[in-house]
J.: 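Have a look at this one before I ask anything.
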Amino acid sequence: MRATAAVLLVLCLLTISHAWDCREVVNIKNLMQIDAGLGQVVATDTSQIPYYLVGDKWIRMPGYLKHITVGPAGIWGVNKDYAIYKYVAGNWVQAAGLLKQLDAGGDQFVVGANMDDTPYCLTSSATVGYKGPGSPLPWTGLPGAVKYYSCGPFGCWAVNKNDDIYLMSLNQDCQNKGWSHIDGKLSMIEVATDGSVFGVNSAGSVYTRDGITASKPEGTGWSNIPMGMLMGHVTYDLGRLWVVSKSAVTMVCTH
(Lines give C-alpha, C1' and ligand atoms only; values in the text may rest on other atoms or scores of the structure.)
Protein backbone atom coordinates (compact mmCIF):
# COMPACT_ATOMS: atom_id res chain seq x y z
CA MET A 1 0.00 0.00 0.00
CA ARG A 2 2.80 2.41 0.90
CA ALA A 3 4.58 1.62 -2.38
CA THR A 4 1.38 2.33 -4.32
CA ALA A 5 0.87 5.61 -2.49
CA ALA A 6 4.46 6.61 -3.22
CA VAL A 7 4.02 5.88 -6.94
CA LEU A 8 0.80 7.92 -7.04
CA LEU A 9 2.54 10.79 -5.29
CA VAL A 10 5.37 10.76 -7.83
CA LEU A 11 2.89 10.69 -10.72
CA CYS A 12 0.98 13.58 -9.16
CA LEU A 13 4.15 15.63 -8.76
CA LEU A 14 5.14 14.92 -12.36
CA THR A 15 1.73 16.09 -13.55
CA ILE A 16 1.98 19.27 -11.48
CA SER A 17 5.50 19.95 -12.74
CA HIS A 18 4.23 20.11 -16.33
CA ALA A 19 0.99 21.98 -15.55
CA TRP A 20 0.51 25.26 -17.38
CA ASP A 21 -2.09 27.95 -16.74
CA CYS A 22 -3.31 29.14 -20.16
CA ARG A 23 -5.59 31.98 -21.23
CA GLU A 24 -6.72 33.21 -24.62
CA VAL A 25 -5.08 36.32 -26.05
CA VAL A 26 -8.22 38.28 -26.89
CA ASN A 27 -6.69 41.48 -28.32
CA ILE A 28 -5.25 39.80 -31.42
CA LYS A 29 -7.10 37.54 -33.86
CA ASN A 30 -6.21 35.09 -36.59
CA LEU A 31 -2.50 34.73 -35.93
CA MET A 32 -0.67 32.23 -38.10
CA GLN A 33 2.81 32.25 -36.54
CA ILE A 34 4.44 33.79 -33.46
CA ASP A 35 7.99 34.13 -32.13
CA ALA A 36 9.37 35.35 -28.81
CA GLY A 37 12.91 36.15 -27.72
CA LEU A 38 14.85 38.52 -25.46
CA GLY A 39 11.61 39.86 -24.00
CA GLN A 40 10.14 40.68 -27.41
CA VAL A 41 7.19 39.07 -29.21
CA VAL A 42 6.42 39.27 -32.93
CA ALA A 43 3.75 37.54 -35.00
CA THR A 44 2.08 37.30 -38.40
CA ASP A 45 -1.62 36.74 -39.04
CA THR A 46 -3.48 34.80 -41.71
CA SER A 47 -3.43 37.92 -43.91
CA GLN A 48 0.38 37.95 -43.52
CA ILE A 49 0.31 41.20 -41.53
CA PRO A 50 3.26 41.39 -39.07
CA TYR A 51 2.83 42.60 -35.48
CA TYR A 52 5.06 43.60 -32.56
CA LEU A 53 3.80 43.34 -28.98
CA VAL A 54 4.21 46.44 -26.81
CA GLY A 55 2.78 45.91 -23.34
CA ASP A 56 -0.58 44.34 -24.10
CA LYS A 57 -1.01 46.09 -27.46
CA TRP A 58 -0.17 44.53 -30.81
CA ILE A 59 1.39 47.17 -33.06
CA ARG A 60 1.14 46.63 -36.81
CA MET A 61 4.53 46.58 -38.50
CA PRO A 62 5.00 47.67 -42.12
CA GLY A 63 4.81 45.24 -45.03
CA TYR A 64 3.53 41.69 -45.34
CA LEU A 65 5.31 38.57 -44.08
CA LYS A 66 4.46 34.89 -43.82
CA HIS A 67 7.13 34.21 -41.19
CA ILE A 68 8.81 36.52 -38.65
CA THR A 69 11.47 35.95 -36.00
CA VAL A 70 13.09 37.89 -33.15
CA GLY A 71 16.18 37.16 -31.07
CA PRO A 72 19.83 38.11 -30.47
CA ALA A 73 20.23 38.49 -34.24
CA GLY A 74 17.48 41.13 -34.41
CA ILE A 75 14.11 40.96 -36.20
CA TRP A 76 13.98 39.17 -39.54
CA GLY A 77 11.19 37.91 -41.79
CA VAL A 78 10.30 36.31 -45.10
CA ASN A 79 7.34 37.04 -47.38
CA LYS A 80 5.19 34.80 -49.58
CA ASP A 81 7.76 35.03 -52.36
CA TYR A 82 10.51 33.81 -49.97
CA ALA A 83 12.26 37.21 -50.00
CA ILE A 84 14.28 37.87 -46.83
CA TYR A 85 14.07 41.08 -44.79
CA LYS A 86 15.80 42.53 -41.73
CA TYR A 87 14.09 45.18 -39.59
CA VAL A 88 16.41 48.20 -39.52
CA ALA A 89 15.46 51.55 -37.95
CA GLY A 90 11.72 51.01 -38.30
CA ASN A 91 11.74 49.67 -41.85
CA TRP A 92 12.26 46.35 -43.60
CA VAL A 93 15.48 46.15 -45.61
CA GLN A 94 15.62 43.33 -48.15
CA ALA A 95 18.51 40.87 -47.90
CA ALA A 96 19.93 38.64 -50.60
CA GLY A 97 18.69 35.06 -50.84
CA LEU A 98 15.43 33.13 -50.66
CA LEU A 99 14.12 31.28 -47.58
CA LYS A 100 10.74 29.92 -46.49
CA GLN A 101 11.55 30.02 -42.75
CA LEU A 102 14.29 31.59 -40.65
CA ASP A 103 15.28 32.04 -37.02
CA ALA A 104 17.15 34.80 -35.15
CA GLY A 105 17.57 32.92 -31.86
CA GLY A 106 21.22 31.95 -32.25
CA ASP A 107 24.19 33.82 -30.79
CA GLN A 108 23.69 36.80 -33.14
CA PHE A 109 23.59 34.55 -36.22
CA VAL A 110 20.59 33.66 -38.41
CA VAL A 111 19.58 30.24 -39.71
CA GLY A 112 16.85 29.20 -42.10
CA ALA A 113 15.54 26.72 -44.64
CA ASN A 114 14.77 27.34 -48.30
CA MET A 115 12.03 25.95 -50.55
CA ASP A 116 14.04 22.77 -51.16
CA ASP A 117 14.57 22.22 -47.40
CA THR A 118 18.24 23.16 -47.67
CA PRO A 119 19.45 24.66 -44.36
CA TYR A 120 21.49 27.86 -44.32
CA CYS A 121 23.40 29.91 -41.77
CA LEU A 122 24.49 33.55 -41.77
CA THR A 123 27.52 34.39 -39.60
CA SER A 124 27.12 36.75 -36.66
CA SER A 125 29.38 39.40 -38.21
CA ALA A 126 27.26 39.49 -41.38
CA THR A 127 23.99 39.32 -39.44
CA VAL A 128 24.73 42.16 -37.02
CA GLY A 129 26.45 44.28 -39.63
CA TYR A 130 23.73 44.03 -42.27
CA LYS A 131 22.23 47.45 -42.96
CA GLY A 132 21.18 47.13 -46.59
CA PRO A 133 22.12 45.95 -50.10
CA GLY A 134 25.68 47.23 -49.75
CA SER A 135 26.45 44.96 -46.79
CA PRO A 136 27.95 41.49 -47.43
CA LEU A 137 25.59 38.57 -46.92
CA PRO A 138 27.52 35.28 -47.23
CA TRP A 139 24.91 32.57 -46.60
CA THR A 140 26.56 29.26 -45.71
CA GLY A 141 24.86 26.06 -46.87
CA LEU A 142 24.65 23.34 -44.22
CA PRO A 143 24.33 19.55 -44.62
CA GLY A 144 21.05 17.67 -44.57
CA ALA A 145 17.48 18.72 -45.36
CA VAL A 146 15.13 20.46 -42.90
CA LYS A 147 11.78 22.22 -43.16
CA TYR A 148 11.93 24.13 -39.84
CA TYR A 149 15.02 25.28 -37.99
CA SER A 150 15.59 27.12 -34.67
CA CYS A 151 18.63 27.95 -32.54
CA GLY A 152 19.39 28.76 -28.91
CA PRO A 153 22.38 28.97 -26.58
CA PHE A 154 22.98 25.18 -26.44
CA GLY A 155 22.44 24.29 -30.08
CA CYS A 156 20.15 24.34 -33.10
CA TRP A 157 17.14 22.05 -33.47
CA ALA A 158 15.34 21.19 -36.71
CA VAL A 159 12.70 18.91 -38.18
CA ASN A 160 12.58 17.45 -41.69
CA LYS A 161 9.73 16.62 -44.07
CA ASN A 162 9.17 13.33 -42.24
CA ASP A 163 8.93 15.15 -38.87
CA ASP A 164 12.22 13.60 -37.74
CA ILE A 165 14.07 15.72 -35.15
CA TYR A 166 17.72 16.72 -35.30
CA LEU A 167 20.21 18.70 -33.20
CA MET A 168 23.33 20.55 -34.37
CA SER A 169 26.04 22.47 -32.55
CA LEU A 170 26.61 25.67 -34.52
CA ASN A 171 28.91 28.59 -33.71
CA GLN A 172 28.89 32.25 -34.76
CA ASP A 173 30.93 31.44 -37.87
CA CYS A 174 28.47 28.71 -38.93
CA GLN A 175 31.00 25.96 -38.20
CA ASN A 176 29.34 22.67 -37.25
CA LYS A 177 29.83 18.94 -36.82
CA GLY A 178 26.66 17.82 -38.54
CA TRP A 179 23.29 16.67 -37.25
CA SER A 180 22.48 14.24 -34.43
CA HIS A 181 19.14 12.42 -34.60
CA ILE A 182 16.82 12.94 -31.60
CA ASP A 183 13.94 10.62 -30.69
CA GLY A 184 10.35 11.66 -31.39
CA LYS A 185 8.35 13.29 -34.19
CA LEU A 186 7.51 17.01 -34.51
CA SER A 187 6.21 19.15 -37.37
CA MET A 188 7.74 22.40 -36.00
CA ILE A 189 10.21 23.20 -33.24
CA GLU A 190 11.37 26.34 -31.42
CA VAL A 191 14.32 27.00 -29.13
CA ALA A 192 14.00 29.75 -26.52
CA THR A 193 16.68 32.28 -25.56
CA ASP A 194 17.27 30.29 -22.34
CA GLY A 195 17.76 27.03 -24.27
CA SER A 196 14.29 25.56 -23.63
CA VAL A 197 12.88 23.56 -26.54
CA PHE A 198 9.20 23.29 -27.49
CA GLY A 199 7.47 21.78 -30.48
CA VAL A 200 4.18 20.72 -32.04
CA ASN A 201 3.52 17.41 -33.78
CA SER A 202 1.30 16.73 -36.79
CA ALA A 203 -1.61 15.82 -34.49
CA GLY A 204 -1.52 19.29 -32.89
CA SER A 205 -0.01 18.22 -29.56
CA VAL A 206 2.58 20.40 -27.80
CA TYR A 207 5.77 19.00 -26.28
CA THR A 208 8.76 20.29 -24.34
CA ARG A 209 12.21 18.74 -24.10
CA ASP A 210 13.30 17.90 -20.55
CA GLY A 211 16.79 17.92 -19.05
CA ILE A 212 18.52 20.34 -21.43
CA THR A 213 21.75 21.83 -20.07
CA ALA A 214 24.99 23.20 -21.52
CA SER A 215 26.65 19.84 -20.85
CA LYS A 216 23.67 17.82 -22.12
CA PRO A 217 22.18 19.90 -24.95
CA GLU A 218 20.14 16.97 -26.27
CA GLY A 219 18.16 16.72 -23.02
CA THR A 220 16.61 13.55 -21.67
CA GLY A 221 13.11 13.16 -23.12
CA TRP A 222 9.84 14.73 -24.26
CA SER A 223 6.90 15.74 -22.05
CA ASN A 224 3.45 16.54 -23.40
CA ILE A 225 1.81 19.85 -22.44
CA PRO A 226 -2.00 19.37 -22.54
CA MET A 227 -3.73 22.18 -24.42
CA GLY A 228 -7.36 21.17 -24.95
CA MET A 229 -7.25 22.12 -28.66
CA LEU A 230 -5.16 21.32 -31.71
CA MET A 231 -2.10 23.57 -31.92
CA GLY A 232 -0.03 24.55 -34.93
CA HIS A 233 2.71 26.81 -33.61
CA VAL A 234 4.56 27.43 -30.33
CA THR A 235 7.24 29.74 -28.91
CA TYR A 236 8.58 30.50 -25.43
CA ASP A 237 10.36 33.34 -23.65
CA LEU A 238 10.70 34.66 -20.09
CA GLY A 239 8.28 32.18 -18.54
CA ARG A 240 5.56 32.61 -21.14
CA LEU A 241 4.55 29.93 -23.59
CA TRP A 242 2.77 31.33 -26.65
CA VAL A 243 0.74 28.88 -28.73
CA VAL A 244 -1.37 29.36 -31.85
CA SER A 245 -4.06 26.80 -32.58
CA LYS A 246 -4.82 25.33 -35.98
CA SER A 247 -8.01 27.41 -35.87
CA ALA A 248 -5.93 30.63 -35.33
CA VAL A 249 -6.70 31.04 -31.61
CA THR A 250 -3.72 32.39 -29.65
CA MET A 251 -3.04 31.32 -26.07
CA VAL A 252 -0.40 32.47 -23.58
CA CYS A 253 0.54 30.09 -20.77
CA THR A 254 2.57 30.40 -17.58
CA HIS A 255 4.12 27.56 -15.63
Side-chain angles (χ1 to χ4, degrees), residues 10-26 28-37 41-46 66-69 100-101 103 105 113 117 145-152 154-168 179-212 216-255:
V10 170
L11 289 174
C12 180
L13 290 173
L14 286 172
T15 302
I16 292 172
S17 68
H18 289 289
W20 292 79
D21 179 24
C22 300
R23 58 178 175 82
E24 183 179 351
V25 180
V26 295
I28 190 72
K29 302 293 183 184
N30 300 318
L31 289 188
M32 176 175 60
Q33 177 255 333
I34 191 167
D35 193 46
V41 182
V42 293
T44 58
D45 68 11
T46 52
K66 71 170 187 175
H67 189 95
I68 190 170
T69 180
K100 65 178 179 180
Q101 179 266 334
D103 186 80
D117 288 356
V146 303
K147 66 177 180 179
Y148 201 103
Y149 194 6
S150 182
C151 294
F154 307 137
C156 298
W157 292 69
V159 295
N160 66 12
K161 65 179 182 180
N162 299 318
D163 290 353
D164 298 317
I165 306 166
Y166 292 90
L167 171 64
M168 173 186 280
W179 297 101
S180 299
H181 180 251
I182 303 294
D183 62 289
K185 293 275 189 179
L186 292 172
S187 56
M188 66 82 57
I189 195 164
E190 280 286 345
V191 187
T193 308
D194 65 1
S196 302
V197 174
F198 295 84
V200 180
N201 67 11
S202 59
S205 298
V206 177
Y207 288 86
T208 183
R209 188 72 176 178
D210 299 320
I212 293 176
K216 194 174 180 61
E218 72 276 15
T220 55
W222 297 102
S223 291
N224 174 245
I225 302 175
M227 283 290 154
M229 66 178 74
L230 302 181
M231 295 301 178
H233 201 91
V234 64
T235 187
Y236 175 85
D237 185 51
L238 298 179
R240 290 188 173 187
L241 181 69
W242 300 84
V243 282
V244 178
S245 77
K246 292 189 176 185
S247 57
V249 174
T250 302
M251 307 285 291
V252 60
C253 309
T254 52
H255 205 22

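The basis for the numbers below is simple: all heavy atoms, side chains too, and nothing from hydrogens, waters or symmetry mates. Source: prediction; values computed, not measured.
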J.: Answer yes or no: are there more than 12 heavy-atom neighbours, outside Lys161 itself, under 6.0 Å from its atom NZ?
T.: no
J.: Given side chain to side chain contact (heavy atoms under 4.5 Å, CB included), test Val200 with Met188 step by step and report yes or no.
T.: CA-CA 6 Å; Val200 180; Met188 66 82 57; 3.9 Å; yes
J.: For Gly105, is there any backbone N or O sitting under 3.5 Å from a side-chain donor or acceptor partner on Asp103?
T.: yes
J.: Looking at Thr208 and Val197, would you say the former's side chain and the latter's main chain have a donor-acceptor pair under 3.5 Å?
T.: yes
J.: For residues Met227 and Cys22, determine if any side-chain heavy atom of one lies less than 4.5 Å from a side-chain heavy atom of the other.
T.: yes
J.: Is the backbone of Ala19 close enough, under 3.5 Å, to the side chain of His255 for a donor and an acceptor to pair up by distance?
T.: yes
J.: Got a donor-acceptor contact below 3.5 angstrom from the Ser202 side chain to the Ser187 backbone?
T.: no
J.: Quick one: do Val244 and Met231 satisfy side chain to side chain contact (heavy atoms under 4.5 Å, CB included)? Show the steps, please.
T.: CA-CA 6 Å; Val244 178; Met231 295 301 178; over 6 Å; no
J.: Show the nearest heavy-atom pair for residues Asp45 and Met32, with the distance to one decimal.
T.: O-CE, 3.5 Å
J.: So, do Gln101 and Tyr149 sit near enough that their side-chain heavy atoms are less than 4.5 Å apart?
T.: yes
J.: Do you know which two heavy atoms are closest between Tyr148 and Glu190, and how far apart they sit?
T.: OH-OE2, 2.6 Å
J.: Heavy atoms only: give me the nearest Asp35-Thr69 pair and the separation to one decimal.
T.: OD2-OG1, 2.9 Å
J.: So, taking the atom named CG in Leu167 and the one named CD1 in Ile182, what distance separates them when rounded to the nearest 0.5 Å?
T.: 5.0 Å
J.: For the NE2 atom of His233 and the OG atom of Ser245, what is their distance to the nearest 0.5 Å?
T.: 12.5 Å
J.: Quick check for you: to the nearest 0.5 Å, what is the distance between Ile225 atom CD1 and Ser205 atom OG?
T.: 11.0 Å
J.: Looking only at heavy atoms, which two atoms of Ile165 and Gly184 are closest? And how far apart?
T.: CD1-C, 3.5 Å
J.: Given 3.5 Å as the limit, does a donor-acceptor pair link the side chain of Asn224 with the main chain of Val206, or not?
T.: yes
J.: Is the shortest heavy-atom distance from the side chain of Leu186 to the side chain of Trp157 under 4.5 Å?
T.: no
J.: Quick one: are Met168 and Cys151 in side-chain contact, heavy atoms under 4.5 Å?
T.: no
J.: Answer whether the closest heavy-atom distance between the side chains of Lys147 and Asp163 falls below 4.5 Å.
T.: yes
J.: At what distance, to the nearest 0.5 angstrom, does CD1 of Ile212 lie from CD of Glu218?
T.: 9.0 Å
J.: Start with the C-alpha gap between Asn30 and Thr46, add the side-chain angles, then the distance that decides, and say whether side chain to side chain donor-acceptor pair (under 3.5 Å) holds.
T.: CA-CA 6 Å; Asn30 300 318; Thr46 52; 4.8 Å; no
J.: Would you say Phe154 and Val191 make side-chain contact, with heavy atoms under 4.5 Å?
T.: no
J.: If only atom types and distance count, is the side chain of Lys100 paired as donor or acceptor with the main-chain N or O of His67 below 3.5 Å?
T.: no
J.: If you compare all heavy atoms of Lys66 against all heavy atoms of Gln33, which two are closest, and at what distance to 0.1 Å?
T.: O-OE1, 4.1 Å
J.: Between Thr250 and Glu24, is any pair of side-chain heavy atoms under 4.5 Å apart?
T.: no
J.: Strictly distance-based, threshold 3.5 Å: is any side-chain N or O of Trp222 a donor or acceptor partner for the main-chain N or O of Gly199?
T.: no
J.: Atom CG in Leu238, atom OG1 in Thr254: separation rounded to 0.5 Å?
T.: 13.0 Å
J.: Taking all non-hydrogen atoms of both residues into account, name the closest pair between Ala113 and Val146 and its distance.
T.: CB-O, 3.4 Å
J.: Is the closest side-chain heavy-atom distance between Phe198 and Val243 below 4.5 Å?
T.: no
J.: Using a strict 4.0 Å threshold on nitrogen-to-oxygen distance, state whether Asp183 and Arg209 make a salt bridge.
T.: yes
J.: Could you grab the distance from atom CG of Asp21 to atom CE of Met251, nearest 0.5 Å is fine?
T.: 9.0 Å
